[in-house]
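Remarks on the structure that follows.
Just follow the structure's listing: the first ligand is 1, and inside any ligand the first atom is 1.
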Amino acid sequence: MYSETLIDHFQNPRNVGVIADPDGYAKIDSPVCGDLMEIYIKVEDDEIADVKYRTFGCAAAIASSSMATEMILGQPLEVAEELTDAKVAEALGGLPEAKVHCSVLAASALHAAIQDYYAKHPQSAKAEA
Ligand code: FES
């Protein structure tokens, strides 16, 4: 049902934890199952300098959170913003249809944390053309 990559990220999740003074933070729960993810980001020079999370959810949610944070760590904000649940699922070797919402949780939490960063640092937000 799950790829070896997904099982590895579930059993050895990367970037788990909290950041005491994050530049951006979000807590999101899945409307599908009620599982929860908290994500913290530090931003330096418009790049994701650090990212940590805590996921209270299923194996696919934990693996999705781990993979999503690996994919954005060290990336410019505008690249991190473009991360989608489909890209996370693809990097994990695919997800069963019933588990697609688990990768949505990770991507949604990440986007919400970036929006929180922009709300707190409006000078960093991309100018609306
Ligand atoms: Fe809730 Fe996977 S079943 S996030």
Side-chain angles (χ1 to χ4, degrees):
M1 173 171 165
Y2 290 141
S3 72
E4 285 184 19
T5 302
L6 188 150
I7 291 168
D8 178 46
H9 276 266
F10 168 57
Q11 293 182 330
N12 307 288
R14 285 65 150 177
N15 305 311
V16 173
V18 301
I19 295 174
D21 56 341
D23 295 319
Y25 166 80
K27 184 161 115 179
I28 298 282
D29 58 11
S30 169
V32 178
C33 64
D35 287 342
L36 187 76
M37 180 180 182
E38 286 184 294
I39 187 162
Y40 308 76
I41 58 171
K42 291 292 278 185
V43 177
E44 286 173 19
D45 297 329
D46 289 331
E47 291 184 358
I48 305 287
D50 196 9
V51 55
K52 294 276 188 277
Y53 68 90
R54 295 192 298 184
T55 295
F56 306 92
C58 69
I62 291 166
S64 295
S65 306
S66 174
M67 179 60 84
T69 56
E70 284 275 278
M71 292 171 79
I72 63 153
L73 185 59
Q75 296 294 321
L77 281 170
E78 56 192 32
V79 172
E81 283 181 279
E82 290 173 1
L83 187 71
T84 63
D85 59 288
K87 290 178 184 173
V88 174
E90 183 183 346
L92 288 170
L95 284 172
E97 186 65 33
K99 289 292 179 180
V100 167
H101 72 273
C102 312
S103 61
V104 172
L105 177 64
S108 299
L110 169 65
H111 293 155
I114 292 173
Q115 290 311 310
D116 181 56
Y117 168 75
Y118 283 140
K120 290 173 176 165
H121 305 82
Q123 74 282 7
S124 296
K126 285 183 289 186
E128 298 291 330

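Here the OH atom belonging to Tyr118 is positioned 6.5 Å from the CD1 atom belonging to Ile114, to the nearest 0.5 angstrom. Rounded to the nearest 0.5 Å, atoms CE (Met67) and CG (Asp8) are 8.5 Å apart. Put simply, CG on Leu73 and NZ on Lys42 are 14.0 Å apart, with the number rounded to the nearest 0.5 Å.
Here the closest heavy-atom approach between residue Ala63 and residue Leu92 is recorded as O-CD2, 3.8 Å. Nearest heavy atom pair, residue Asp85 against residue Ala107, reads N-CB, 3.6 Å. Across Ser64 and Leu95, no two heavy atoms sit closer than the pair OG-CD1, 4.3 Å.
Sorted by chain and number, the protein atoms of type N, O or S within less than 2.8 Å of atom 1 (Fe) of ligand 1 are Cys33 SG, Asp35 OD2.
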